[in-house]
Enquirer: 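Got a structure for you, written out below as structure tokens; questions coming shortly.
The sequence lines fix the lettering, A, B, ..., with proteins before strands; numbering per chain opens at 1.
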Protein chains: 2
Amino acid sequence: MAKRSDATRGRLSREAIIVSAVALADSEGLEAVTIRRLAQEHGVTPMAMYWHFNDKDSLLDGLAEHLIEAVKLPEPSDADWDAQLRDILLAFLTVIRPHPALAGLALRRILAAESGLLIAERVLGLLRQAGYAAGRAAEVGTFLICSIVTLANADPVGGPHRTGEDLEQVFRVKRARLESLPPSRFPNVIAAAPALVTCREADDFFDLNVELLVQGVRGLPRG
Amino acid sequence: MAKRSDATRGRLSREAIIVSAVALADSEGLEAVTIRRLAQEHGVTPMAMYWHFNDKDSLLDGLAEHLIEAVKLPEPSDADWDAQLRDILLAFLTVIRPHPALAGLALRRILAAESGLLIAERVLGLLRQAGYAAGRAAEVGTFLICSIVTLANADPVGGPHRTGEDLEQVFRVKRARLESLPPSRFPNVIAAAPALVTCREADDFFDLNVELLVQGVRGLPRG
DNA sequence: ACCTGAACACCGTTCAAGT
DNA sequence: ACCTGAACACCGTTCAAGT
């Protein structure tokens, strides 16, 4: 698609590859992120990529790290631990939500990058502050991070990104299907149909469920 | 690997294909589940699969449905809504936990299958009972289901399934890496290192975090 | 109804070689 | 240091054909 000159003038670089990979994942989904495809976009042979990355997996490592590094952790403060925890979770969510196709990559790579370790350290610290023992803090903290990824990943339509018009149509079809279920067996699904179909688009969905997580941490025995 | 006779004597069938696909995903991960690979295991041409499934995606639909159908929903009872909700979430988790590689498939397919709609109906019903309005129930319910999938998916080592010996070694290496971080910057990560590495293996991890979700539902404003 | 054969356009990756 | 060329073993899928 692009000749050598416009994607990156001059040389290929890790950074340039990662940036275009993110863009590709956003527009066409993770399965479009391909060594060969990226090479083509940079006007270069597929094998050129192997000078910059050991293999595809380390490209994905790079993508995950690139995202995690963008998280702006709020400074530690005197606020209650639950307020601080919420802010950290929201800071993480803010960064990955625009990249649902890449969210899943973070799942098993948070503790791999320095920036991810910093997030983990802060979350664990607040959980200790809340009264959790180290072991429990690890279990709960792990789950909290995974949950944020899940929220970001809960993109309405998986795979290729569709645009407005298309998306509306997909929603209409899904809603109609749910609403045509037998009312005697599925009253609650039918009542919730509009929200079930579109809720992952609303900011409300994210705020509400981050709050659910924080409330859950508050409600648990600290052992 | 298998000649036509032993995988399934007689004929190929949707069921037989799905069963072997589940086994394959369990032993070698989702990326090993391939039309060609499955065909080979059944001693059949890849194209034979296309008589039983429209394409690979509908094979994956079938896998997801197969799992979801196995969920044994507890009967509605007079127990508190939160106890019932916990039991439903645990019933779902029990089924998908043995198949971490397949868990992700359920994310966007629960509302596609009849059996998934039944789970959704029950969860939504209990949330209504707890005082949630239909819209909020949809938002929270969607997240709860996604979270269970996330828990099941939070398999320690992604990809190919490793066995005991190997796994221990992986754990040792990861723990050592975390414990060798600078103590001044990562005190909590270091203290939690053993649990961070192995917690996804323990039953405790799952029970604790299901409880976190239920407590979260209790702590949220019902709007 | 159920399956094969040949072909197409894709993958990731290795290895040797060029500048 | 950075990239190419040719090759290998894989993918999913279509289309026409066999029984």
Enquirer: With P as the reference atom in both, quote the distance from D:dA17 to C:dC2 in angstrom, rounded to an integer.
Expert: 22 Å
Enquirer: Quick one: list whatever passes side chain to side chain contact (heavy atoms under 4.5 Å, CB included) with A:Ile88, sequence neighbours left out.
Expert: A:Leu73, A:Pro74, A:Ile119, A:Arg122, A:Val123, A:Leu126
Enquirer: Do A:Asn153 and A:Leu107 come within less than 4.5 Å of each other through their side chains, counting heavy atoms only?
Expert: no
Enquirer: Under a cut-off of 3.5 Å for both distances of each Watson-Crick or G-U pair, what dot-bracket string does DNA chain D give, using [ ] for crossing pairs and | for inter-strand pairs?
Expert: ||.|||||...|||||.||
Enquirer: Would you kindly give the CH2-to-C1' distance between B:Trp51 and D:dT19, to the nearest whole Å?
Expert: 15 Å
Enquirer: In whole Å, I'd like the distance from the CZ atom of B:Phe53 to the C1' atom of C:dC3.
Expert: 16 Å
Enquirer: For a quick test of reading the model, state the closest non-hydrogen atom pair linking B:Ile68 to B:Ala106 and the distance between them.
Expert: CD1-CB, 4.5 Å
Enquirer: Could you list all N or O pairs between the protein and nucleotides 9-13 of chain C that sit under 3.5 Å apart?
Expert:
unit_1 : atom_1 : unit_2  : atom_2 : d
C:dG12 : OP1    : A:Thr34 : OG1    : 3.4
C:dG12 : OP1    : A:Ile35 : N      : 3.1
C:dG12 : OP1    : A:Lys56 : NZ     : 3.2
C:dG12 : OP2    : A:Ile35 : N      : 3.2
C:dG12 : OP2    : A:Arg36 : N      : 3.3
C:dG12 : N7     : A:Arg36 : NH1    : 2.5
C:dG12 : O6     : A:Arg36 : NH1    : 2.9
C:dT13 : OP2    : A:Tyr50 : OH     : 3.0
C:dT13 : OP2    : A:Lys56 : N      : 2.8
C:dT13 : O5'    : A:Tyr50 : OH     : 3.4

Enquirer: What's the shortest heavy-atom distance between B:Leu24 and B:Val33, and which atoms?
Expert: CD2-CA, 4.1 Å
Enquirer: Using only heavy-atom distances, determine whether the side chains of B:Gln40 and B:Arg37 contain a donor-acceptor pair under 3.5 Å.
Expert: no
Enquirer: With a cut-off of less than 4.0 Å, is there a side-chain N or O of A:His52 near OP1 or OP2 of D:dC3?
Expert: yes
Enquirer: Are the side chain of A:Glu139 and the backbone of B:Cys199 linked by a donor-acceptor contact shorter than 3.5 Å?
Expert: no
Enquirer: Under a 3.5 Å distance rule, please check whether B:Ser13 uses its side chain to pair with a backbone N or O of B:Ala16 as donor and acceptor.
Expert: yes
Enquirer: What is the distance from CE of A:Met49 to P of D:dG5, rounded to the nearest Å?
Expert: 16 Å
Enquirer: Within the side chain of B:Lys72, is there an N or O that forms a donor-acceptor pair under 3.5 Å with the backbone of B:Val95?
Expert: no
